[in-house]
Each structure stands twice: as structure tokens, then as C-alpha cells.
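Order of the sequence lines fixes the chain letters, A, B, ..., with proteins taken first and strands second; residue numbering starts at 1 for each chain.
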Amino acid sequence: MTNAYEPQKIEPRWQARWQSEAVYRALNPGDPGFDPKQKKYYVLDMFPYPSGSGLHVGHALGYVGTDIVSRKKRMEGCNVLHPMGWDAFGLPAEQYAIQTGKHPRATTNENTRNFKRQLELIGLSYDWSREIDTSDPKYYRWTQWLFNRLFEKGLAYRTSVPVWWCEELKTVLANEEVINGRSERGNHPCVRRPLEQWMLRITSYAERLLADIDAVDWPESIKIQQREWIGKSEGAEIRFALDGHDTHSLTVFTTRPDTLWGATFMVLAPEHELVQRITTPQQRAAVEQYVKASATKSELDRTDASKVKTGVFTGCFALNPAFDVADPRAKVPVWIADYVMLGYGTGAIMSVPGHDERDFEFARKFDLEVREVVAPPKGHKGLADGECFTGEGTAVNSGPIDGLATKAAKARAIEWLVSRKLGSARTTYKLRDWLFSRQRYWGEPFPLLHLADGTTVAVPDDELPVLLPPMDDFKPASDGSAPLARVPEWVNTVDPRSGQKARRDTDTMPGWAGSCWYWLRFMDPHNQTAPFSKEAERYWGPVDLYVGGAGHAVMHLLYARFWHKVFFDAGLVHTNEPFQRLFNQGMVTAYAYQDAGSRLVPSAAVEASGDKYVNAETREPLTQIVTKMAKSLGNVVNPDDMIAEYGADTFRLYEMFMGPLADSKPWNTRDIPGCKRFVERVWRVFVEPEGDAPIRAQFAAGAQVPAIQGDTLTLERSLARALKRADDSFQNLNLNTAIAGFMTFINDATPLLPAMSRSQGERFLRALAPFAPHLCEELWSRMGMPGLIVQAQWPVAEAHYLIEDEIDLPVQVNGKLRATAKAQKDADNAQLEAIARSAVENHLAGKEVVKTVVVPGRLVNFVVK
RNA sequence: GAGGAAGUGGCGAAAUCGGCAGACGCAUCGGACUUAAAAUCCGAAGCCUUCGGGCGUGGGGGUUCGAGUCCCCCCUUCCUCACCA
């Protein structure tokens, strides 16, 4: 037994012990030893994509936070489910394979091994018996099985949609791989091109996805982002006849049916199907050129999208149904312009330039008629002032709805349209159906067969999984078809039900698929007859606390909610929503350094002297800035290095001590020694460094129990405050304040050490244990405490030690602090006033006290003239 | 352009209700110990000051006996989404 603090020795030792005793193993209903009366708590991290570069300290932030919560919940007696796994399908592994020839299976296995090693180094309390890998056939078998449920409900369909095509890479790219019209990798130009794709009908759940978000305990900012993304808007669909085209009409969506009388032109999206039919010969050349240009240009140079509206007249006129055909106002020109999106509403609008900014700008540019149909309320500028008015007002120049306020005018306009069969009320959503297929290799194959008779059927559940065929060339074909299409022996098969010849679907699912239900698989990860058992789901669902970055605010969380609702409808799960409480950890940023010309200098070449920074070579002064961690800046910090140097406990403490879990904050390795010092001070409080006893005698079993008085009472109060602060810090996960409380206690205890009792020592260790588990386990064992501290009970402050008998009473004169006086905690107002008055006598001399404010137990304020 | 989050010492930050602004750390400075250094321990420290005090939570107004905290306007930074009719 040595008395030096040696984290490199004690940490692996306790990790091995926890593993051998399976202390983080969560029991399911039916498992031996399962206690149905015990409360359950499910803490989930957003599981990582195991990239080749490994974890950095930013990823670890949330994992340390949830680990501390899990450990505390266990100590509070909960059956805690805290699992971890790998979101292992995805494009980087495949891209890497194309470049290096290394199979995605091999790199994925390597990467997950590395991630797991890193997580274990940190001492995280995952139940590794539940580890899952979305790219493992044992897992994706059930992803396919769940897809079949969507397919049989008609929620998956195949259609031709415009997708990103990159000519340079000869491949289809996912939306998330295209940034400002260029490929994320290589920065090549991309264009939209129609291709047959699988879609999921998420829009049919739009209303429920919107409504149910009110009931969950999520950050309001995320709720707002989801609501905005779903983007419900209510309005009307209106049909316009086209002059000279009896067979075609033009339907538009508007949220302002009351402004129909002010519609002076129409605009179609350039891709709108009517464009070809209605364009007149004179305009054809101009229109075709515009359509072609907008296929690339509109998305390509968005950076210098100078917001100048462009468009071309088709030569065609529509008839505004608000007016009689003979009325000159009825005939309105039809234009095309790229400010109208094909995918939203009907891909066509009626333009009301008097009351819509975009239409107003367009009308000005092309000199089109602007007519006022909504009079602004008094005090607002309108067309009379040369400005467009988009707010609510009173209908004017609008025939049957004249004089109505906007709200009523909308309703009346819809009635009017319905009665004439010109339109109807309609609600639209920004949310689009979900493009669910990728022409890629490293994903779940669709469990679908295209039969000789032209129908498409699901592979029967009992034939799953449809395994990815072995391949070693993953390059997409030049026509955009998937790599799987090049494996004829895999593609060509027979439908096991009808015996017909069949072709397998050669698309794979997107990276999101595996993460759409993984929290359910964690509940029952080894089930071979179902994705998860009903009993397990009834017991564990929903997730009590889900922690991850705000970057997944929309996509993952919306997709996951969608699948969960489909499962709910299918009777597979018993809750409407998957994640009861969501918490977003902040981003860990890092410092970077700039020279006078704002050029970034790699961190390795920066030298610090006090609070100044200079370039180590040139001695040029540098400015410190805060940025993302990036390889190119050389400021990525990885946990392995930190742990090797300081130990896991110090690393964990620093991660939390930086600030509230929710805040973004810069990593500063220079600050870590503060946490290291704290850990060492804790050690020395318990262990005499020069001695050879495992623990100071006062903390050993059978030590004399001091009376709680004098210094021991002072420490008891200090400990109570620390325990209270620690407990409170879990409310908002500002665990930094808990650590500050522990530090304060150790600062108090150090000079009063002889008065500290064994009981105080062990309670302190129990509170610190979730934060610094190895250290506490070691000291706990040296104290001769029974069992493991990870299984001990969470200590709670005794309320009466939180109350001080004597307080420092601040005394203010005119709101300014002039003195502090000692006062008894329970002194009444008159006593307090008297004490206060004598404390600030000199400030009151010769002044008239006009008012005295006494806040019992808080302060006294004299208002004087 | 829209939405969100946030601005407090040299730095990270703290401050249930409106009630002593800057706890706890880092860096800094001083002292002890040491042949010396490291480590450790003790102490100082928001800024200005004529040593009475004054000024201080991005800026400007307001409410209040009292505002980091509540209300209005403005500025800056970061994140997300881009013309959604």
C-alpha cells in the first residue's frame, strides 16, 4: 500500500472490479433478482457515429454529465438503464473505403473498438452487456423488420423526386452532403436531377408531431425549432383559369385568401409542370433559358444571392376568379421565378404585390400593377406611403369582403370561394416527405422485392435480415444506380411466397434509420424473436433523460418521434413520445490564435507568457480567439492525453467544472491543474502522505466519534451546505456548482482536519463519488466501509445544519451598502432595525430617515434625505 | 432575412424570490518551507481614488427603498434555417 495519490494505478483497478461485479448491469423484468418495486430511470446519450478520429473532449462532455446523473440515480435506489452503442452505418466509412480500399466493416470495427476503449478510460458506467451496433445484422434485421411495418401501412412509397447529383463524383448525394449547392467533399458543383427514390410519409404525422411536442419536457428552443420545421400554415387553395387553355387550370396556395382581389399576376416555380404547356412561342426561348439556369444557379451561388428577384413572363394570362371575365382586372400575366419553390404549397402563387414583400419587390422590378386591397390600421404605413403593407387591416377594393377586418375577411373569402367552387380551405406544412433511400453500399438494404409482374412486396419477416452482399468496390455507377445493383447473384432472387422471379431493391437506407429506434433496442438488446419485448418496453419506456447536442434539434429528433408514433399506432410501444426529458449539452469550443493579419497560427506554435501569447518562432504577438475544435487549427484535445496526464477523475471533474452542462464554453487545458489539486487535497484529507496507514486514524473503522460541536459542528454545517448544493445542481445539470461546493468543504476541512469525523468523511465521499468515482472508491475501501461506494446511498443534507444562528446583516443607506452587522437569525424587525441603526450611525447623522426597509434574515435599508 | 442562445474581473465562471456582485477555480503577485527549484501551505487582488469615497454585470432609458435579475429601445458574438406564399 502506497500513500501517494496515483490515479494511473487506482483507476484501472477499480474499473476492473466494477466490471467483474457487473455493477452497472440493469435488470429487466424477468431477470433473476429483478425487483418490480424499484423505480426505473433511463438515461440515454445520443450514440456516436464512430469516426476514425476518435472522441474529443467535446463528445465526452455529455457522456460525463449523463454518467454522473446515472451514478447518482443508482445511489438513490433506482434501477438505471444507461447504455451505449454505435450509429455505425454511414457515408464516411464508405467514402474512406473508396479512397483506401479498406472495407467499411473493417474500419467500423476498428473505430468502435477505439471509441469503446476511450469511453472505458473515462470510467463511464455503461451497461456494456447492452452494446449495439446499427450495422450489425443482428440489429439491422430489426430495422428492416420495423421498415416492413411502415411499408405495410403505406408509409413508404417510391416516386421520382429531384435529388442532388454531383457530376464530378458521379453520384447522388444526400441533402446533408450538399452545402450551398456544392458537395461537402471536394466542393464540386451539384445539380438537382429527378430520380426514383423511396420516401417516407412523415407528412401524414405532421399534425401529431406538432401537437404532441407541447407535452414533453424539452428545451423551449428545440420545441420552437421543431414547430418551425413542421411549419403549419392555414389558408386556402384557389383555382385560376388560364386564358386560352380550357383543359388546364392553375391552383395556388395562399395564407391570405382575403387578398385575392389584389392579385395582379401569378408566379410559377421554374420546374412547375405547367410551364412547358403554357409558354407562348414568343417567350419560349427566354423561358427555357431561365428554367435551365435556375436548375443550377438558384442553389449554386447562394452566398452572393444578392436577393435581386429574377423571372420571365410566360406569355400566358390567368383569370382572377374574383372578377368577371370582362373586367380588365381579371386578366393577369403568368410569370416564372425562382423565388417560388416547387416543393411548397402547389409550387405556384398568386402575387399580391400590395401586401407581400417578395411580390412587391418583383412587381417593382418588372413594373407590374400594384393594387391596395388591405387598408392598414391608423399609424401604419401602407401603399399611400410607397410601402408594402403585410399586416392585418381592413379589406378595401375587394367586392364582397369590403370593410371586413383581415381575420373575418379571410373566413368570408373562403366561404365565397367554396360557394363558387373556386377553392377551399387548406392547411399546408413546410415539412416534406422524407427522402429515405440512398444509392450507397454502407446502409441497411431495403427488404423489398420487385416482382416480375411489376409489384413490389416486402421480404417476409422470417426471411430477415436481408444481408448486405460482400463487395469490395463501392463506387457508385455513373448513372447514379447503387453499388448493390452490380451484384447480380444478390439482386436476382425468387419471391419466397409466390415463387416469382424477383429483383431485390438495390437502395439502402440513410444514416438516420438505425437511430430511429435504438433506444428501444437498448431495452432488450438480445431479443431474437422481436425488436424488443413488450414487457421490457412497458418497463423502461419512455427515456427519462436524453442528452445530446443541439445540432440534432430537428432531423434526428423529428425522425425518431415519427417512427415512435408509427410504433405506437402499431401497438408496439405504450407511449406516444420516446423522450420525456431532453437536455442539450453545450458545445466545447477551443482557443485559437491569430496574428496581426488575422491569420490563424496552429496552437503548437503558440507560446504563452502570463496572459499574453506570441508566435514561438517569430515572437509576433497573437490574439486569442474562441472557435470550434478543428484539426486544421491544431486545437483538438483528446481525452486519452488528458487522462494519461491527469487521471480520469480529474478529467471528469474538469469537464463538469468548466461551466453548466448546457452552456458552450472553451476548453482550457491550463485550468485542469486546479481540479487536479482539488483531487490531491481530498486525498490528503483522508490519507497521510508520509504515513504508512491506509487511512488517517480518525476515518478508520472504530475511530472515536467526536461530538458535533465546535470545529466538528462547523464542518457539519459546511458539509450540509456542500451536500445541498450538490443535490441542487442536478436540477439544471450545472454540476460545476456542486464541484465548487465540494472544494469549499475541502477548503474548510483542511485547517480543521483534526475535528473531522469518520461519518463526515464517508458522507463527503458518497456525494463526490458520482463525479470522481475511482478516487472515492479507493478511499471508501481504505476506510473499511462495507461494499462498493458505487452501490452506496446518496447522502442528503440534514436541514437543521443548513440554518445558521447568526447572520451577517447587510445595512444599506439609500440602497448602498454601508456596513454589515451581526444579528441573530430569528431577530424580529425592531431588533434588526436597532442593530442596523447603530451600525450606520455616522451615515445617518444629520439626515432624516424617510423610510426603513427591513427584510427579515436578509438586510436593512434606510432611505434618507 | 427569420428563429434561437448568450454578453458579469486578465480567463472559466457564481449569485432559488429583485436584497452584501465576482463564490469556486485558472493565471498573477507576495510570504513560508527549500542549498535551489518543483510540489505544498499561508496570504493579496474588480477598476479608479486626493483614502472621504467614487465607478462597476454589452450600451441607453424605465419600474423599485433596492435591478446582473423585471419592462422598453439599441449594439455585439455564437448556433440553426434560408425567399415557405
Side-chain angles (χ1 to χ4, degrees), chain A residues 180 219-222 224-225 227-229 231 233 235 252-256 259 267 298 302 305 307 309 337-341 343-352 355-359 361-362 428-432 549-551 553-554 584 586-587 589 591 608 610-612 624 626-628 653-654 657-660 662-675 677-678 680-681 684 689 725 728 731 734 736-744 746-747 750-751 808-820 850-855 857-864:
Chain A
N180 290 345
E220 200 51 39
S221 62
I222 302 288
I224 289 167
Q225 282 185 64
R227 287 191 197 109
E228 293 248 322
W229 189 265
S233 62
V252 300
F253 172 74
T254 177
T255 55
R256 292 295 299 268
T259 61
V267 184
S298 63
R302 200 174 285 151
K307 302 277 170 195
K309 296 259 182 300
D338 60 16
Y339 80 92
V340 174
M341 307 286 129
Y344 183 74
T346 61
I349 61 166
M350 64 176 202
S351 283
V352 185
H355 307 286
D356 181 284
E357 289 286 355
R358 295 152 301 184
D359 299 346
E361 201 188 313
F362 194 83
T428 63
Y429 300 88
K430 282 191 225 173
L431 183 70
R432 316 286 167 79
V554 177
N584 291 124
M587 206 191 358
T589 50
Y591 293 116
D611 56 352
K612 300 271 191 300
Q624 191 184 56
V626 170
T627 61
K628 279 184 181 172
L653 285 168
Y654 177 65
F657 190 61
M658 278 192 287
D663 289 7
S664 282
K665 56 238 159 191
W667 180 271
N668 191 358
T669 302
R670 281 220 285 178
D671 286 346
I672 300 186
C675 291
R677 264 171 229 154
F678 165 68
E680 286 175 335
R681 293 183 75 182
R684 286 198 304 273
R725 266 188 106 171
D728 289 349
Q731 198 66 45
N734 47 348
N736 53 322
T737 63
I739 297 168
F742 297 141
M743 288 174 168
T744 305
I746 289 298
N747 290 348
T750 303
D808 288 316
L809 182 73
V811 184
Q812 298 180 334
V813 176
N814 285 347
K816 286 191 175 130
L817 182 73
R818 293 303 180 193
T820 54
V850 280
K851 188 171 180 182
T852 307
V853 181
V854 180
V855 186
R858 278 293 194 184
L859 60 45
V860 177
N861 184 19
F862 295 104
V863 186
V864 301

For [X], report the nucleic acid contact type (base, sugar-phosphate, nothing); a contact means any heavy atom under 4.0 Å.
| X | answer |
| --- | --- |
| A:V340 | base |
| A:Y591 | sugar-phosphate |
| A:S233 | sugar-phosphate |
| A:R681 | sugar-phosphate |
| A:P660 | sugar-phosphate |
| A:P219 | nothing |
| A:S664 | sugar-phosphate |

### Task
Step by step, work out the side chain to side chain contact (heavy atoms under 4.5 Å, CB included) result for A:L859 and A:Q812.
CA-CA 8 Å; A:L859 60 45; A:Q812 298 180 334; 3.6 Å; yes
Whether [X] side chain and [Y] backbone form a donor-acceptor pair below 3.5 Å:
| X | Y | result |
| --- | --- | --- |
| A:D356 | A:D359 | yes |
| A:R432 | A:K430 | yes |
| A:N736 | A:M658 | no |

Any idea which of [options] is nearest the [X] side chain?
| X | options | answer |
| --- | --- | --- |
| A:K628 | B:rC65, B:rC79, B:rG19 | B:rC79 |
| A:T254 | B:rA27, B:rA85, B:rC83 | B:rA85 |
| A:V853 | B:rC20, B:rG25, B:rG19 | B:rG19 |
| A:R858 | B:rC20, B:rG12, B:rC17 | B:rC17 |
| A:N734 | B:rA15, B:rC81, B:rC24 | B:rA15 |
| A:P666 | B:rG19, B:rA13, B:rG25 | B:rA13 |
| A:N861 | B:rC24, B:rG19, B:rC20 | B:rG19 |

Can you see if the side chain of [X] gets near the phosphate of [N] - specifically, an N or O under 4.0 Å from OP1 or OP2?
| X | N | value |
| --- | --- | --- |
| A:R227 | B:rG3 | no |
| A:N747 | B:rG25 | yes |
| A:K665 | B:rG12 | no |
| A:R684 | B:rA39 | no |
| A:T737 | B:rA15 | no |
| A:N736 | B:rA14 | yes |
| A:R670 | B:rC11 | no |

Could you give the [atom1]-to-[atom2] distance, from [X] to [N], as a whole number of Å?
| X | N | atom1 | atom2 | value |
| --- | --- | --- | --- | --- |
| A:N668 | B:rG10 | CG | P | 17 Å |
| A:F678 | B:rA13 | CZ | C1' | 17 Å |
| A:F742 | B:rA23 | CZ | P | 20 Å |
| A:D356 | B:rG1 | CG | C1' | 14 Å |
| A:N814 | B:rG66 | CG | P | 8 Å |
| A:L859 | B:rC65 | CG | C1' | 10 Å |
| A:L653 | B:rG12 | CG | C1' | 15 Å |
| A:L817 | B:rG56 | CG | C1' | 15 Å |

### Check ion pair A:D663-A:K665 (N to O, under 4.0 angstrom)
no
### Task
Give the dot-bracket string for RNA chain B, reading 5' to 3', where a pair is Watson-Crick or G-U wobble with both distances under 3.5 Å, ( ) marks pairs inside the strand, [ ] marks pairs crossing earlier ones, | marks a partner on another strand, and . marks unpaired.
(((((((..(((......[....))).(((((.......))))).(((....)))..(((((..]....))))))))))))....
### Query
Say you pick atom P in B:rG68 and the same atom in B:rA2; how far apart are they, in whole Å?
31 Å
### Message
Rounded at 0.5 Å granularity, tell me how far CD1 in A:I739 sits from OG1 in A:T744.
### Response
11.5 Å
### Query
Do the side chain of A:R432 and the base of B:rC84 come within less than 3.5 angstrom through a donor-acceptor pair of N or O atoms?
yes
### Message
Is a donor from one side chain sitting under 3.5 angstrom from an acceptor on the other, for A:Y344 and A:S233?
### Response
yes
### Message
Regarding A:Y654 and A:N668, do their side chains bring together a donor and an acceptor under 3.5 Å, going by distance alone?
### Response
no
### Message
Other residues, nucleotides and ligands only: do more than 12 of their heavy atoms fall within 6.0 Å of CD on A:E220?
### Response
yes
### Query
With ring centroids as reference points, do A:Y591 and A:W667 lie under 6.0 angstrom apart?
no
### Face-on cation placement of A:K309 at A:F362 ring, 6.0 Å and 45° thresholds
no
### Message
Side chains of A:K816 and A:R818, heavy atoms from C-beta outward: is any pair under 4.5 Å?
### Response
yes
Glycosidic conformation of [N], syn or anti, with 90° from 0 as the boundary?
| N | answer |
| --- | --- |
| B:rG43 | anti |
| B:rG54 | anti |
| B:rC75 | anti |

Distances for protein N/O vs nucleotides 4-8 of chain B N/O pairs under 3.5 angstrom?
none

